[in-house]
> 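This is the structure I have questions about; it appears just below.
In what follows, chains carry the letters A, B, and so on, assigned in the order in which the sequence lines appear, proteins first and then strands, with residues in each chain numbered from 1.
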Protein chains: 2
Amino acid sequence: MDQRTRTRRRNRAAIQEAALRLFQRQGYEATTVAQIAREAGVSHMTFFRCFPTKEDVVLQDEYDPMLEELVREQPATLPAVERIHRATLVGLGRVYEHNREALLDRSRLLLSIPALRSRVGENLASASTAFERGLTPPETTHPTLEVRAVAAACSAALSAAVIAWVDTDGEGELPELVDRAFLALRASSPGHHRS
Amino acid sequence: MDQRTRTRRRNRAAIQEAALRLFQRQGYEATTVAQIAREAGVSHMTFFRCFPTKEDVVLQDEYDPMLEELVREQPATLPAVERIHRATLVGLGRVYEHNREALLDRSRLLLSIPALRSRVGENLASASTAFERGLTPPETTHPTLEVRAVAAACSAALSAAVIAWVDTDGEGELPELVDRAFLALRASSPGHHRS
DNA sequence: GGCCTCGTGTTAGTGAGTAACATTTCTGCT
DNA sequence: AGCAGAAATGTTACTCACTAACACGAGGCC
């Protein structure tokens, strides 16, 4: 690997860790980008070369390629919602056991800070396109509206599960909530509670 | 009505019109808040008292109460997705005929400017809570996860329809696309096209 | 008409994000 | 190894969204 990309990644990681440390210690809005950069030992320009905005330090993740691949691995005979449901459970299982608390902390942060919450829709959108790509054969250029609608609906349901998880302060278990959210998509009647 | 609130609304409208005019003439990012305020004949502080951010001039709408009411009017025996589907069609029909071009212009703007697109998720979220309120009886305090998931999925599907509409530059008809998106939610299989 | 509240304008400030240029650091080639 | 070119980083200065504080003026209330 290149030396340049190595130091670049080290910078990226140092910035992200410094940022999260400062956010937890003194709050998101009370922390300035210059402060993060100083803590990470770089200039504030390097910060913006690694993360386009201050919010992206928290927002960016790299789950999308995994989700796409997991959806593609599910049997194509299943309905699309079911494929995405299973893929989500598998992917979640991979990070949930060892990173449950980190995932909860990050989700809490994303949902509690207005500047971050106003942008979680972007993460939903990128998860949605990952689902679309997983549903459509690789050579397809543009997914159909039907595929896009289902993918968007599934990521929205997933997001509802995460929000419910954070609402209960992480007392429930996220995979169960995800199950309930996806099941509600298939058989939904108003006022229907699980027994 | 109060004289004060009257001038306040006049200010609001003047700012919004001036802003949209300037955005169309010279682009969103090339237009500064001070410029909008000057064009509307107010100070830039008045701007921020009417709209919390520059983006909100384009983002804010008042469809949510109507959507909530329309969902509540649909027969409660129908599945939740169907109630929201019908409510959306009715509400859309009300504004679509006379404001089709304005709706298209606004949607184009929202989806083409990065600063705006990154925040459309907020509109989806508020539409989602409107759906939730329409689905749950008025005395209910917190909607169930199932209701939240369905509401979020429906607003996501609606958004997919709007995106597809804008993608074709408004050549299709939005209500048809909304139909396709909602139908895809119920019977979905990958690669399935409507016949 | 006089108090009094509330919206507005003015000013000055913070902080995110960008542009331009100097400087350092790595890479490729001989 | 050493040098030329390229690319990342730092420095400086700037724009602009947004806020805090206070002064002012226009309604509302008696």
> Could you report the tightest heavy-atom contact between A:Val147 and A:Pro143, atom names first, then the distance?
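Nearest heavy atoms, A:Val147 then A:Pro143: CG1-CB, 4.1 Å.
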
> Using salt bridge (Lys or Arg N to Asp or Glu O under 4.0 Å) as the criterion, point out the one residue from B:Glu139, B:Glu69, B:Glu68 that pairs with B:Arg133.
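The single option meeting the salt bridge (Lys or Arg N to Asp or Glu O under 4.0 Å) with B:Arg133 is B:Glu68.
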
> Mind checking the CG-CD1 spacing from B:Leu158 to B:Ile163? Nearest 0.5 Å is all I need.
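B:Leu158 CG to B:Ile163 CD1: 10.0 Å, rounded to 0.5 Å.
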
> If you measure only the distance, is there a donor-acceptor pair under 3.5 Å linking the side chains of B:Gln26 and B:Gln35?
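Yes, side-chain donor-acceptor contact under 3.5 Å.
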
> Any Lys/Arg nitrogen of B:Glu176 or B:Arg180 sitting under 4.0 Å from an Asp/Glu carboxylate oxygen of the other?
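Here B:Glu176 does not pair with B:Arg180 in a salt bridge, since their nearest N and O are not under 4.0 Å apart.
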
> Got a minute to check which stems DNA chain D is part of, using Watson-Crick or G-U wobble pairs under 3.5 Å, three or more consecutive?
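Consecutive-pair runs (3 or more) involving DNA chain D: C:1-3 with D:28-30, C:5-25 with D:6-26, C:27-30 with D:1-4.
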
> Could you tell me the separation between the CD atom of A:Gln35 and the C1' atom of C:dA16, rounded to a whole number of Å?
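For the pair A:Gln35 CD and C:dA16 C1', the rounded distance is 14 Å.
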
> Would you say B:Thr53 and B:Asp56 are linked by a side-chain donor-acceptor pair, where the criterion is simply a distance under 3.5 Å?
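The criterion, which ignores hydrogens and geometry beyond distance, is satisfied for B:Thr53 and B:Asp56.
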
> Give me the residues of residues 13-27 of chain B where at least one heavy atom lies under 4.0 Å from an atom of DNA chain C, by number, or none.
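The answer is none.
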
> Side-chain heavy atoms under 4.5 Å apart, restricted to Ile/Leu/Val/Met/Phe/Trp/Tyr: what other residues fall into the cluster of B:Val120, or is it alone?
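B:Val120 shares its hydrophobic cluster with B:Ile15, B:Leu20, B:Leu22, B:Phe23, B:Tyr28, B:Val33, B:Ile36, B:Val42, B:Phe47, B:Phe48, B:Phe51, B:Val57, B:Val58, B:Leu59, B:Leu109, B:Leu110, B:Ile113, B:Leu116.
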
> Is B:Glu97 reaching over with its side chain to a backbone N or O of B:Gly93, donor-acceptor style, under 3.5 angstrom?
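Absent.
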
> Report the distance from atom CG of A:Asp167 to atom CZ of A:Arg108, rounding to the nearest 0.5 Å.
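It comes to 11.5 Å.
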
> When the distance from CZ of B:Arg10 to P of C:dT8 is rounded to whole Å, what number comes out?
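In whole Å, C:dT8 P lies 10 Å from B:Arg10 CZ.
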
> Could you write nucleotides 10-21 of chain D as a row of B, S and -, 5' to 3', where a protein heavy atom under 4.0 Å of any base atom gives B, of only sugar-phosphate atoms gives S, and otherwise -?
BBB----SBBB-

> Round to a whole Å and report the spacing from CZ of A:Arg12 to C1' of D:dT9.
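Checked: the CZ to C1' distance equals 17 Å.
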
> What string of B, S and - do you get for nucleotides 24-30 of chain D, 5' to 3', if B is base contact, S is sugar-phosphate-only contact and - is no contact with any protein heavy atom under 4.0 Å?
--BBS--

> Tell me every residue that passes side-chain hydrogen bond (donor to acceptor under 3.5 Å, both in side chains) with A:Tyr96, counting only those two or more places apart in sequence or in another chain.
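Once residues adjacent in sequence are excluded, the partners of A:Tyr96 under the side-chain hydrogen bond (donor to acceptor under 3.5 Å, both in side chains) criterion are A:Arg100, A:Glu173.
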
> Are A:Leu92 and A:Leu104 joined in one hydrophobic group, where the rule is that I, L, V, M, F, W and Y side chains link up if heavy atoms are under 4.5 Å apart?
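Yes, because A:Leu92 and A:Leu104 connect within a single hydrophobic cluster, where side-chain heavy atoms sit under 4.5 Å apart.
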
